[in-house]
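These notes are about the structure you will find just below.
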Amino acid sequence: MSPSQPSPEVPRDTAVARATAPLVRWVSGQPPVVPVLGVFALVLLGAVVPGWGWVFLALAVLVLVWVLAISWPRLTPSEKMLRLAVIVLCLAITVVRAVPR
């Protein structure tokens, strides 16, 4: 990023946002498809890697929880519920993969 470009706005509402501000700035500087593909790749690896694939799913859940935490103050109640539902679904899949019968 050149010095003449304004830096992306980093939400400073939460402690998580303040603590991860450099990471938020870096992710904001990427094309919008990069974070989406990153999470998709983690979920895909979690689905196809035998044995330790749940670790990739757990990383995807952590990324989703992080994004939810930094965006929470700006979300509407329906957006919060939808994002929580996705996280719970991914977490359930992670637990099933981590603790097979």
Side-chain angles (χ1 to χ4, degrees):
M1 186 171 8
S2 70
S4 63
Q5 290 179 329
S7 63
E9 183 179 333
V10 176
R12 303 242 179 233
D13 309 359
T14 63
V16 174
R18 284 191 301 275
T20 61
L23 184 57
V24 171
R25 266 193 296 280
W26 181 81
V27 170
S28 297
Q30 302 302 313
V33 73
V34 171
V36 173
L37 288 178
V39 171
F40 180 72
L42 287 172
V43 172
L44 189 62
L45 282 170
V48 298
V49 173
W52 290 93
W54 65 270
V55 174
F56 295 110
L57 287 168
L59 288 173
V61 168
L62 288 176
V63 169
L64 293 173
V65 168
W66 171 67
V67 170
L68 178 65
I70 62 175
S71 63
W72 188 266
R74 290 176 173 77
L75 296 175
T76 64
S78 60
E79 291 171 330
K80 291 176 183 178
M81 292 300 294
L82 183 59
R83 291 180 189 202
L84 280 172
V86 169
I87 290 170
V88 168
L89 176 64
C90 289
L91 186 60
I93 293 169
T94 303
V95 169
V96 168
R97 292 279 307 199
V99 188
R101 286 187 178 204

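The side-chain heavy atoms of Arg83 and Ser71, taken from C-beta on, include a pair separated by under 4.5 Å. In this structure, Leu57 and Leu42 have side chains that are not in contact, with every pair of non-hydrogen atoms separated by 4.5 Å or more.
Of the possible donor and acceptor atoms, one in the side chain of Arg97 sits under 3.5 Å from a partner among the backbone N and O of Gly46.
Contacts of Trp52 classified as ring-ring contact (aromatic ring centres under 6.0 Å, His included), with partners at least two apart in sequence or in another chain: Trp54.
A side chain to side chain contact (heavy atoms under 4.5 Å, CB included) with Leu89 is found for exactly one of Ile93, Leu91, Val86, namely Ile93.
To the nearest 0.5 Å, atom CG of residue Leu68 and atom CD of residue Glu79 are 10.5 Å apart. The CG atom of Leu84 lies 9.5 Å from the CG atom of Leu75; values are rounded to the nearest 0.5 Å.
Criterion: ILVMFWY side-chain heavy atoms under 4.5 Å apart, direct or through other members. Under it, Trp72 and Leu64 are part of a common hydrophobic cluster. Leu45 and Val55 end up in different hydrophobic clusters when Ile, Leu, Val, Met, Phe, Trp and Tyr side chains are linked at under 4.5 Å. The hydrophobic clustering, which links ILVMFWY residues whose side-chain heavy atoms are closer than 4.5 Å, places Leu44 and Val39 apart. In the hydrophobic clustering of this structure, Leu37 does not group with Val63; members are Ile, Leu, Val, Met, Phe, Trp, Tyr whose side-chain heavy atoms approach within less than 4.5 Å, directly or through other members.
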